[in-house]
Asker: 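Before I ask anything, here is the structure I am working with.
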Amino acid sequence: MIELKNVKNLSNNEGYDNQPSFINDRYIVFASMRNGQTDIAKYDTRYDSKSWVNFSEGGEYTPLKIPHKDEVSAVRLDKDGKQRLYTYNLRNGESKELINNLVVAYYTWYNKHTVVSAVIEKEQLNLFVSNLLDGSNIKHATNVGRSFHRIPNSNLVSFISKENKNQWQIKSLNPLTGKTKVIANTIQDVEDICWLDSKTLLSGKNNLLYKLRLKTDTSWKQIANLGSDGITKITRLIVNTEGNKLLIAGDVSTQKEATKETEDISEESSDNSNTNSENTTNETNIESIIQRNLNAYNARDINAFMKDYADDVKLYQYPNTLQTEGKEAMRKNYNDWFNRVKDLRAFVKKRIIFGNKVIDEEQVTANGQILNVVAIYEVKNGKIIKVTFMQ
């Protein structure tokens, strides 16, 4: 029986926090927003404190402990649009590039000199095994997801295969031989999983946590509802080596605060109560939507990028010139943009949240040019319904 106890918000950050992992039983690292940039945060469970590992100019994502080293690795997205996998010394934050010829988006360590990763090639992610000793990079699968994990008590790594668009699959890979094998189907349209032990998988959808016991369960079984803990959407999951601690990244709702704010506004001005109710969306949740969308843009992940937009989304050039209307038209334009521009990057210099709007001052790199852009995002019911650009 699996039971969750002592659920605690470790980051308590108004900005973007994601991709947590264990350094050991005491320390946790995750990607965390500060001053408009995502860096590597280290959390001390003993003293309930957070410190910063690095001070680079680029943004860091997916920090992981490197086996048998006092270092972590992370995907760095530099201001010039360059995206590479780096290593960071845990004592002084010094960094160096690990793989200089692949655009790594997501990854895991097989051993201290072998990386299994999802690499951006054109508009999709493909699976590579990189040997840091001889510099080889071998492709073993195409159209994969972002979830990679060592399978406990084995010499295998699991990954998500999206070759079948109607049903994603969890597969195993032997990085030494390249052999792959189907393990199980994912929950529909869910690509984030983790291993509780060598036979038990965990996954989440919305605020529900599921488990699948291989060769025992015929389907995913719900084991917990995290709605009472304020979690509205589970994204990333990771279990420690002992199998007794679970890290969850997800969207967090503070509905009571939002309701109270709406009631206070209504008391002040009943004439504007309907408008205020619509606009009183949790600021933390809104910012996480915009930041997640910006991360998908920088990763050229068209599917993840489009998930945050409403079906009838409208894009404007300031003040009111309509550029595109509808999700499909927007997808076509951005998919073409991702394919044509090789040095693509957007970096937030300043961000203001006002009601259900996020106003970003962004520095955008494209085709060798650096542009200053103001983007105004409008969010409703968890989706971006309108974007206005000023260049």
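We number each residue from 1, following the sequence as shown.
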Asker: For the residue pair S158 and I170, what are the closest heavy atoms and their distance?
Answerer: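 Scanning both residues completely, I find the closest heavy atoms to be CB-CG2, 4.3 Å.
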
Asker: Could you walk me through whether K205 and D189 pass the salt bridge (Lys or Arg N to Asp or Glu O under 4.0 Å) check?
Answerer: CA-CA 9 Å; K205 187 167 187 177; D189 298 327; 5.3 Å; no

Asker: How far apart are the C-alpha atoms of D301 and K307, what are their side-chain angles, what is the distance that settles it, and do they pass the salt bridge (Lys or Arg N to Asp or Glu O under 4.0 Å) test?
Answerer: CA-CA 10 Å; D301 188 340; K307 278 184 178 180; over 6 Å; no

Asker: Please determine if R351 and E362 form a salt bridge, counting it only when a charged side-chain N lies under 4.0 Å from a carboxylate O.
Answerer: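 No.
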
Asker: Does R150 qualify as a cation-pi partner of W195, given the criterion of NZ or CZ under 6.0 Å from the six-membered ring centre and within 45 degrees of its axis?
Answerer: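 No, R150 does not sit over the ring of W195.
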
Asker: Any Lys/Arg nitrogen of D311 or K383 sitting under 4.0 Å from an Asp/Glu carboxylate oxygen of the other?
Answerer: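 Salt bridge absent between D311 and K383.
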
Asker: Between the side chains of K162 and E191, is the shortest nitrogen-to-carboxylate-oxygen separation below 4.0 Å, so that they form an ion pair?
Answerer: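 Judged by the 4.0 Å cut-off on N to carboxylate O distance, E191 and K162 do form a salt bridge.
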
Asker: With side chain to side chain contact (heavy atoms under 4.5 Å, CB included) as the criterion, how do T38 and Y61 come out once you've worked through the C-alpha distance, each side chain's angles and the decisive distance to 0.1 Å?
Answerer: CA-CA 7 Å; T38 304; Y61 303 90; 3.7 Å; yes

Asker: Below 4.0 angstrom, N of the basic side chain to O of the carboxylate: do D17 and R236 qualify?
Answerer: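 Result for this pair is no, no salt bridge flagged.
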
Asker: Is the shortest distance from a Lys or Arg side-chain nitrogen in D80 or R345 to a carboxylate oxygen in the other one below 4.0 Å?
Answerer: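 Here D80 does not pair with R345 in a salt bridge, since their nearest N and O are not under 4.0 Å apart.
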
Asker: Starting from W220, can I reach L4 by hopping between I/L/V/M/F/W/Y residues whose side chains sit under 4.5 Å apart?
Answerer: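 No, separate clusters.
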
Asker: Run the ring-centre check on F338 versus Y297 and record whether the distance is less than 6.0 Å.
Answerer: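 Close enough - the centres of the two rings lie under 6.0 Å apart.
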
Asker: Are any side-chain N or O atoms of N126 and backbone N or O atoms of V144, one a donor and one an acceptor, separated by less than 3.5 Å?
Answerer: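 Answer holds: no.
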
Asker: Salt bridge between R292 and D251, side-chain N to carboxylate O under 4.0 Å?
Answerer: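 Result for this pair is yes, salt bridge flagged.
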
Asker: Would you mind reporting whether T180 and F159 have side-chain heavy atoms less than 4.5 Å apart?
Answerer: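 Yes; the side chains approach each other to less than 4.5 Å.
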
Asker: With a 4.0 Å cut-off, would you call K50 and D44 a salt bridge?
Answerer: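 The answer is no: the pair does not qualify as a salt bridge.
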
Asker: Do D360 and I290 make a side-chain contact, defined as non-hydrogen atoms from C-beta onward lying under 4.5 Å apart?
Answerer: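 The answer is yes; the side chains approach within 4.5 Å.
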
Asker: Hey, is the main chain of T62 close enough, under 3.5 Å, to the side chain of Q19 for a donor-acceptor pair?
Answerer: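 Confirmed, Q19 side chain pairs with T62 backbone.
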
Asker: Are F22 and Y27 connected in the hydrophobic side-chain network, where two residues link if heavy atoms are under 4.5 Å apart?
Answerer: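 Each belongs to a different hydrophobic cluster.
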
Asker: Side chains of N18 and T235, heavy atoms from C-beta outward: is any pair under 4.5 Å?
Answerer: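 A side-chain contact exists here, since the closest heavy-atom pair is under 4.5 Å.
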
Asker: So is R76 actually on top of Y86's ring, under 6.0 Å and inside 45° of the axis?
Answerer: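 Flagged: R76 positioned over aromatic ring of Y86.
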
Asker: Assess whether side chain to side chain contact (heavy atoms under 4.5 Å, CB included) is satisfied between T186 and I160, documenting all intermediate values.
Answerer: CA-CA 8 Å; T186 69; I160 306 300; 4.1 Å; yes

Asker: Can you check whether S56's main-chain N or O pairs, donor with acceptor, with Q37's side chain at less than 3.5 Å?
Answerer: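 Flag set: sc Q37 to bb S56 pair under 3.5 Å.
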
Asker: Identify whether the distance between the nearest side-chain nitrogen and carboxylate oxygen of K139 and E121 falls below 4.0 Å.
Answerer: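 So K139 pairs with E121 through a salt bridge.
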
Asker: Taking 4.0 angstrom as the limit, do R340 and D336 come out as a salt bridge?
Answerer: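 Answer for the salt bridge query: yes.
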
Asker: Would a single hydrophobic cluster contain both L10 and V53, if residues Ile, Leu, Val, Met, Phe, Trp and Tyr are joined by side-chain heavy-atom contacts under 4.5 Å?
Answerer: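 The answer is no; the residues belong to distinct hydrophobic clusters.
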
Asker: Looking only at heavy atoms, which two atoms of A105 and V75 are closest? And how far apart?
Answerer: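 Here A105 and V75 meet closest at O-CG2, 3.7 Å.
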
Asker: Looking only at the aromatic ring of each residue, does the gap between the centers of F305 and Y334 stay below 6.0 angstrom?
Answerer: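 Close enough - the centres of the two rings lie under 6.0 Å apart.
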
Asker: Salt bridge check: are D312 and K327 linked by an N-O gap of less than 4.0 Å?
Answerer: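 No, no charged N to carboxylate O under 4.0 Å.
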
Asker: Do the charged groups of K386 and E325 touch, with an N to O distance under 4.0 Å?
Answerer: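 Salt bridge flag = no for E325 with K386.
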
Asker: Check whether any side-chain heavy atom of Y43 lies under 4.5 Å from a side-chain heavy atom of F30, and answer yes or no.
Answerer: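 They are in side-chain contact.
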
Asker: Is the closest side-chain heavy-atom distance between T142 and L127 below 4.5 Å?
Answerer: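 When only atoms from C-beta onward are counted, L127 and T142 do not touch, as no gap falls below 4.5 Å.
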
Asker: Just do the side chain to side chain contact (heavy atoms under 4.5 Å, CB included) check on L132 and L98 with the steps written out, would you?
Answerer: CA-CA 7 Å; L132 303 182; L98 284 176; 4.2 Å; yes

